[in-house]
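Here is the structure we will look at, set down as structure tokens.
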There are 2 protein chains.
Amino acid sequence: MFFPVQAGRASEDVALQIEAAIMDGRLSPGERLPSEREMQSQFGTGRGVIRETIKILKQKGLLEVKKGAKGGAYIRRLDVNNISESLALFLKQHPVEPEKLIEFRETLDRTMTQLAIAHADQTEKESLLKEAIRLEEMLRENEPDFIASSELDRQLNIMLARMARNPLFEWVMHAIQMGFNSHDYALYEDTAYRERAAANWKNTAQAIAQGELMRALGFIGYHYVLLRQCIAEKASLTNETDADFLQKDEQ
Amino acid sequence: MFFPVQAGRASEDVALQIEAAIMDGRLSPGERLPSEREMQSQFGTGRGVIRETIKILKQKGLLEVKKGAKGGAYIRRLDVNNISESLALFLKQHPVEPEKLIEFRETLDRTMTQLAIAHADQTEKESLLKEAIRLEEMLRENEPDFIASSELDRQLNIMLARMARNPLFEWVMHAIQMGFNSHDYALYEDTAYRERAAANWKNTAQAIAQGELMRALGFIGYHYVLLRQCIAEKASLTNETDADFLQKDEQ
DNA sequence: TCTTGCATTTGGTCCTACCATTGTAGGCAT
DNA sequence: ATGCCTACAATGGTAGGACCAAATGCAAGA
């Protein structure tokens with residue numbers, strides 16, 4: 001039941017030591033690690049081990065590496081993107097039925113709306129409304145930019161999440177949006193959908209600004225009704241894609 | 001406005017190529033990559049670059065490396081733990097007020113309860129109830145095992161998530177529980193809390209098994225009332241810890 | 001004072017040799 | 001023929017050295 005103390009994991013070992021030092025606060029964001037050649041002698045290993053260590057920690061998002069004099073490995077503050085990337089990678093291997101995603105997002109949206117009305121200040125609420133109006137206008141143009149508008153849609157979601165004054169909602173929304181970026185562009189190509197969705201965003205923002213919770217929730221509900229309709233239409237049009245998706249989902 | 005085509009990122013480059021091959025399905029879980037020395041010549045680089053590449057992909061959870069003959073880098077199917085680990089790491093650097101965590105979990109719990117009643121089969125519902133009863137019994141012992149019981153509490157949560165038939169809830173719950181493991185043990189040390197919490201779990205499971213949504217939601221609500229009380233008590237007892245926490249949260 | 005250019009620091013790459021682990025094939029003994 | 005053991009080969013793990021490339025700073029020169 002004993003296991004070898006070090007079964008070829010020198011780089012993992014060093015990585016753990018450095019990670020621990022960062023988490024303990026012995027190393028703070030912005031600080032620099034010694035140069036590779038220095039650590040090489042400090043840890044008593046070859047330089048290769050140190051380099052592999054650095055790659056690991058860099059991949060974890062804990063380090064940022066710069067070349068040249070005054071270069072080296074700098075401690076980096078983690079940000080949400082690391083989680084988002086992990087999630088996105090995971091989702092590529094584990095496709096989720098659109099309905100499941102909608103179910104999840106609707107839950108979050110309803111709560112965030114509630115929290116936003118309670119906690120956000122008036123400035124933010126009006127800013128949300130302003131952006132929603134901007135989205136509506138953007139789509140009224142002759143040749144709407146789908147990428148820009150679905151980007152703005154994302155922005156609105158993030159704003160709402162931030163207004164909820166609960167970072168967890170913000171982080172999860174962020175990660176979810178990054179993970180599912182591919183599907184969303186397509187929706188904004190549907191003329192009928194995008195205009196009603198934008199109008200609905202405006203209504204939602206208005207209700208939030210006026211503090212009318214139930215009305216806001218009603219609009220949120222309508223938003224997801226629209227989404228479900230739009231997806232159902234797309235699915236019935238292209239059976240092939242649907243079959244593909246189901247197949248992928250099976251494995 | 002031009003940027004150098006390869007600013008010292010050979011290993012990242014190779015990693016991207018392999019990652020793409022995995023995502024395209026050109027490489028499937030279980031398959032083996034060529035040996036380091038072979039790839040070295042295939043990619044036209046030194047062996048160090050290949051090794052760094054492998055470390056990166058291993059850290060991402062895409063590879064598993066074995067030594068010896070028939071060893072090498074094997075493609076691995078991603079699992080939720082990678083996300084959980086990213087989140088846990090992130091949360092260590094970004095502490096969250098307990099109230100915010102409760103707010104978030106309560107939202108998920110309420111929806112999951114609703115979905116579980118609608119989608120789970122009777123077998124599962126009874127199994128949930130059985131485990132809840134087991135938790136209650138476990139705490140009635142003379143010397144309850146805090147770690148085991150808070151582990152069982154986690155299990156109950158995961159079961160509920162699975163019963164919702166929506167993998168997103170399952171994954172997020174999993175990640176959240178991994179990320180916040182440290183706080184939760186402590187709660188189960190409070191005698192008054194843990195017994196009422198367990199009894200409440202039983203009631204909740206019972207209501208779910210009987211398909212009584214509103215009653216179940218009522219119990220869920222009570223669960224979080226208990227949690228909030230428990231945390232408030234702890235906070236008022238140890239002002240020092242609380243001050244520490246706020247300080248950490250500021251930075 | 002500004003520019004140029006050299007020197008230094010530091011990561012990026014290649015190479016080569018050797019060690020450690022593991023699976024297997026072949027030989028040896030029963 | 002069977003079963004055990006050993007030697008070998010494949011493969012990742014480590015060490016150390018040499019050189020390249022980029023970034024910075026300083027010094028010399030215009």
Side-chain angles (χ1 to χ4, degrees), chain A residues 1-19 21-22 27 29-76, chain B residues 1-19 21-22 27 29-76:
Chain A
M1 259 312 148
F2 302 106
F3 47 89
V5 271
Q6 46 176 8
R9 310 185 322 249
S11 53
E12 272 90 347
D13 221 60
V14 178
L16 283 179
Q17 286 190 51
I18 296 178
E19 187 180 323
I22 295 176
L27 292 170
E31 278 187 74
R32 210 199 67 170
L33 254 50
S35 77
E36 294 180 354
R37 289 166 178 86
E38 238 174 283
M39 301 183 86
Q40 173 180 2
S41 68
Q42 279 188 29
F43 283 101
T45 90
R47 198 176 151 209
V49 169
I50 301 296
R51 285 190 58 77
E52 286 169 13
T53 297
I54 290 177
K55 287 290 182 196
I56 292 174
L57 295 174
K58 187 181 168 188
Q59 171 56 37
K60 278 196 179 188
L62 286 168
L63 293 182
E64 185 178 10
V65 180
K66 287 191 291 193
K67 275 209 291 194
K70 295 288 178 184
Y74 288 82
I75 315 294
R76 192 166 156 268
Chain B
M1 258 307 151
F2 301 106
F3 47 90
V5 271
Q6 45 176 13
R9 309 186 320 247
S11 53
E12 272 90 347
D13 220 59
V14 178
L16 282 179
Q17 285 189 51
I18 296 179
E19 187 179 323
I22 296 176
L27 291 170
E31 277 186 76
R32 208 200 70 172
L33 254 49
S35 77
E36 293 179 355
R37 290 167 178 86
E38 238 176 282
M39 301 182 86
Q40 171 180 3
S41 68
Q42 278 187 31
F43 283 102
T45 84
R47 200 175 150 208
V49 170
I50 301 296
R51 286 189 58 77
E52 286 169 11
T53 297
I54 290 176
K55 287 290 183 198
I56 292 174
L57 295 174
K58 187 181 169 189
Q59 171 56 36
K60 278 196 177 187
L62 288 168
L63 293 182
E64 185 179 9
V65 180
K66 285 192 293 192
K67 275 206 293 193
K70 295 286 178 183
Y74 289 82
I75 315 293
R76 191 165 157 272

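All chains are named by letter (A, B, ...) in the order of the sequence lines, taking the proteins before the strands, and each is independently numbered beginning at 1. Since this is a predicted model, take the numbers as computed values, not measurements.
- Salt bridge absent: A:E52 and B:K58 never bring a charged side-chain N and a carboxylate O closer than 4.0 Å.
- Looking at A:R47, its side chain never comes within 3.5 Å of a backbone N or O of A:M39 through a donor-acceptor pair.
- Among the nucleotides D:dA21, C:dT21, C:dT13, the one closest to any side-chain atom of B:V49 is C:dT13.
- Within 4.0 Å of B:G72, counting heavy atoms only, lie sugar-phosphate atoms of the nucleic acid but no base atom.
- Between the P atom of D:dT14 and the CZ atom of A:R51 lies a distance of 15 Å, rounded to the nearest Å.
- One cannot find a donor-acceptor pair under 3.5 Å joining the base of D:dG17 and the side-chain atoms of A:R47.
- Across every non-hydrogen atom of B:R76 and B:L63, the tightest pair is CD-O, 4.0 Å.
- The closest side-chain heavy-atom distance from B:L27 to B:L33 is below 4.5 Å.
- Here the P atom of nucleotide C:dT22 and the NZ atom of B:K66 are 11 Å apart, to the nearest Å.
- The separation between B:F43 atom CZ and C:dT13 atom C1' is 16 Å, rounded to whole Å.
- Counting to the nearest Å, the C1' atom of D:dA15 and the CE atom of A:M39 are 17 Å from each other.
- Of the possible polar contacts, one joining the A:T53 side chain to the A:S11 backbone as a donor-acceptor pair under 3.5 Å is found.
- Rounded to whole Å, atom C1' of D:dG12 lies 15 Å from atom CZ of A:R9.
- Taking only side-chain atoms of B:K70, from C-beta outward, the nucleotide of D:dT24, D:dG13, C:dT24 with the closest atom is C:dT24.
- Per the geometry, CG belonging to B:D13 stands 10 Å off P belonging to C:dT13, to the nearest Å.
- Residue-level contact check: A:G46 touches the backbone only, with heavy atoms under 4.0 Å from sugar-phosphate atoms and none from bases.
- One interatomic measurement links the two molecules: CD1 of B:I50 to P of C:dC14, which rounds to 9 Å at whole-angstrom precision.
- For the pair A:E52 CD and C:dT13 P, the interatomic distance rounds to 13 Å; values are reported in whole Å.
- Taking only side-chain nitrogens and oxygens, B:R37 never comes nearer than 4.0 Å to OP1 or OP2 of D:dA10.
- The shortest distance between the side-chain N/O atoms of A:R32 and the OP1/OP2 oxygens of C:dT10 is below 4.0 Å.
- Residue-to-nucleotide proximity on DNA chain D shows that, of A:A69 and A:G44, the 5′-proximal contact is made by A:G44.
- Closest to the side chain of A:T45, out of D:dT14, C:dC18, D:dA15, is D:dA15.
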